[in-house]
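Here is how names work: the chains are called A, B, and so on, in the same order as the sequence lines, proteins then strands, and each is numbered from 1.
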Number of protein chains: 2
Amino acid sequence: MARRNVKTPASSSDLDARKATILEAVVAEHINTAQPVGSSSVAHSPDVAVSPATVRSEMVALEREGYLAQPHTSAGRVPTDKGYRFFVDHLKSGVLSSAQQHQVKDFFANVRGEVEDVLEQTSTLLSQLTSYTSVVVGAGHAHASILSVQLVSLDVHHQLLVAVFSDGSVVKHSVSTEFDAHFVDVTEASRQLHAILIGTTLESRVQVPSHSDNVSMLIRQSVSVLHAEQPTTDGEQVYIGGSSKVAEVFEGVETVRKVLSILEQELLVVTLVQDILNQGLSVAIGSEHGYEPLSACAVIVAPVTIDGVPAGAVGLLGPTRMKYREALAAAGMVSQHLTRHFGGEDDLA
Amino acid sequence: MARRNVKTPASSSDLDARKATILEAVVAEHINTAQPVGSSSVAHSPDVAVSPATVRSEMVALEREGYLAQPHTSAGRVPTDKGYRFFVDHLKSGVLSSAQQHQVKDFFANVRGEVEDVLEQTSTLLSQLTSYTSVVVGAGHAHASILSVQLVSLDVHHQLLVAVFSDGSVVKHSVSTEFDAHFVDVTEASRQLHAILIGTTLESRVQVPSHSDNVSMLIRQSVSVLHAEQPTTDGEQVYIGGSSKVAEVFEGVETVRKVLSILEQELLVVTLVQDILNQGLSVAIGSEHGYEPLSACAVIVAPVTIDGVPAGAVGLLGPTRMKYREALAAAGMVSQHLTRHFGGEDDLA
DNA sequence: GTTAGCAGTCAATTCTACCGAGTGCCAACG
DNA sequence: CGTTGGCACTCGGTAGAATTGACTGCTAAC
């Protein structure tokens, strides 16, 4: 027993320098070629100064410890999720090519328009930069205060509640009434709603009149319909860019189908991104995020803040063998620009 | 010369009964099997009462006339776009299975909520019914009149213009000013805008004050920003459902990529659907719609009207060998229900 | 501990032969 | 004269065998 412990010296999370170098070489090579990598190509890599035979013996160790796997006996090694994890954790952060940096700066120098449009275009940008599918999540307006509320009459049984928030977002909800709501009542309800709700957030508790006259009922219904929106997905907006990249970047129709099918469910995507952020990660590899259909994927996320408050995130979705350095750099740079764009500068915050 | 004309009796668009039957059998078979179909399988089809040899000689005729094609010498025949066109034109309209009819009825009996949500869910429904990708296009608010306009101040240089239309849609636009716009000015501008614009449509010409005081400038800028929206894509909304079906239904990564890439450009999709509608078609096969990347696709569209006025469309996108009868039935049924849903019934029109 | 050498494994490739689905053509038949 | 059965021919797909080559693991020497 004691002997065996001696024989496995570094069963802790870090590897000795040579193993680390070899592992990194394997991962880098496999990311480039998408092929299992063999001992000799690793040995010829500039960072490795040992013979293929030595590399081989190190590789069996790395395989035993779960960093590498062998598709079949006479093939090279392929990184496991754990192998990628090590690679990513020891990645020194890179920068984008200057052409790409220009592209990002140009983009943010020239975008204008509604937040929604900016986020959507950002998503396209990020996808073009990386050739992976990108996800941009805009924050919900849970914490934004209400600047204006208005009830507009469509017909006697249908009104439209329109609220404007301090973050520049606008929500609308239809309100239906059993009774005939006449113009004067709607106008009065609108006036009172404005007075009641202005300055509050969706989390605030507000006083509503408890009478049963038409105006009061309109008010109660409007408030409840507005506050009901919170738990749904409506709050967060998701913008997915470059979903066609999925077909380029993953192999196997089945994988493509699974990934697309996940991307269709926007609520799921938001949750995924939030989950990863909550775990404090910036990269989730393979099964780390717990979504089985995405086990062939790696997801990169970078938070976006407004005035220091979390206000969304940008993300990238690619195969586990994605180009982490470039993708991380792109996501990082875009998230920073986005933060700056909505933070200090000018456009509506 | 005269002799040759005699030899090609029916070079007009229709075929004699037997050719038609054979062509239809070929198309039907190929839709089922995705394989080139040979003379004997056609001859054994119940509608065809001749020998394989006869079928063969008819097939060479059909090939000469462009309805069929041969992938290579010793293979069966495959329909051309023209062949599918004939098939579709002579298709007697089918109905959905009663289970599917129930599904549609259930859906429309239970949906409620904003128009946008209904359309989005409809798109998912249609895709589930057919296992093709679906497209739902909602009309723009070009003809809707304005029920309410409001200018909300975000900060001294940024206001938000919010307009509510009679069709229940809400648009917002940010308005930036060089000068400091104070609360009272914004409120006054808001009041006047409301008065000026209410009851108008985006196509109306309106009188705006030509003074150069802050209030007038706010008004002018707001009106121009609102009327500027017209030509963009913003007016129409597109909801695409089941884009993951693309990966199931098309073969060849390249085709999948092309189709997805088209679907990403929502403006393009709207245009495509409108184009097909304008041509008075309900099905566009292969190159008929003129979008080269979609040459492997067939697109089915069915218009949706509100009170007799065109108000959008539902569409389906599948391979040229799609199940036309079922797909047409589904699109037709859904478009009818949608028309009814937004037409007479109750929910906000 | 490292390395060169060697035997062994196994997926991928190539080659061959062959099968069979399907055609075009022709001669016979009603 | 249209229809049909028969026949030779074409050619893609497949199955099997042989080959290749990129690996490995092991062992013995350095």
Could you give the side-chain donor-acceptor pairs of residues 68-75 of chain B under 3.5 Å, partners two or more places apart or in another chain?
{"unit_1": "B/Q70", "atom_1": "NE2", "unit_2": "B/T73", "atom_2": "O", "d": "2.9"}
{"unit_1": "B/Q70", "atom_1": "NE2", "unit_2": "B/A75", "atom_2": "O", "d": "3.3"}

Report task. For B/H44 and D/dT4, give me the distance from atom NE2 to atom P, rounded to whole Å. Result -> 12 Å
Query raised in the report: Roughly how far apart are A/K258 NZ and A/E292 CD, rounded to 0.5 Å?
Result: 5.0 Å
Report task. Only pairs at least two apart or in different chains count here, so list each side chain to side chain donor-acceptor pair (under 3.5 Å) that has a residue in residues 41-53 of chain A. Result -> A/S51-A/T54
Report task. Using a strict cut-off of less than 4.0 Å between a Lys/Arg side-chain nitrogen and an Asp/Glu carboxylate oxygen, indicate whether B/E288 and B/R85 qualify as a salt bridge. Result -> yes
Query raised in the report: What is the distance, rounded to the nearest whole Å, between atom NE2 of B/H72 and atom P of D/dC11?
Result: 9 Å
Report task. Say whether A/S295 and A/S287, considering side chains only, have a donor N or O and an acceptor N or O under 3.5 Å apart. Result -> no
Query - Sub-4.5 Å side-chain heavy-atom contact between B/C297 and B/F250 - result: yes
Query - For DNA chain D, the residues among residues 17-28 of chain B that have a non-hydrogen atom under 4.0 Å from it - result: B/R18
Report task. Among residues two or more places apart or on two chains, list those pairs meeting side chain to side chain donor-acceptor pair (under 3.5 Å) that have a residue in residues 319-335 of chain A. Result -> none
Requested in this report: Using a cut-off of 6.0 Å, state whether more than 12 heavy atoms not belonging to B/E251 lie near its atom CD.
Outcome: no
Query raised in the report: Just checking, is any N or O donor in the side chain of B/S243 or B/T133 under 3.5 Å from an acceptor N or O on the other one?
Result: no
Query raised in the report: With no hydrogens and no angle check, is any side-chain donor or acceptor of A/E264 less than 3.5 Å from a backbone partner on B/S244?
Result: yes
Query raised in the report: Contact boundaries of DNA chain C with chain A (under 4.0 Å, heavy atoms), 5' to 3'?
Result: C/dT2 to C/dA11
Tabulated below should be each protein N or O lying under 3.5 Å from an N or O of nucleotides 18-25 of chain D; please produce it.
{"unit_1": "D/dT24", "atom_1": "OP1", "unit_2": "A/S39", "atom_2": "N", "d": "3.3"}
{"unit_1": "D/dT24", "atom_1": "OP1", "unit_2": "A/R77", "atom_2": "NH1", "d": "3.4"}
{"unit_1": "D/dT24", "atom_1": "OP2", "unit_2": "A/S39", "atom_2": "N", "d": "3.3"}
{"unit_1": "D/dT24", "atom_1": "OP2", "unit_2": "A/S39", "atom_2": "OG", "d": "2.5"}
{"unit_1": "D/dG25", "atom_1": "OP1", "unit_2": "A/R77", "atom_2": "NH2", "d": "2.9"}
{"unit_1": "D/dG25", "atom_1": "N7", "unit_2": "A/R56", "atom_2": "NE", "d": "3.2"}
{"unit_1": "D/dG25", "atom_1": "O6", "unit_2": "A/R56", "atom_2": "NH2", "d": "3.2"}

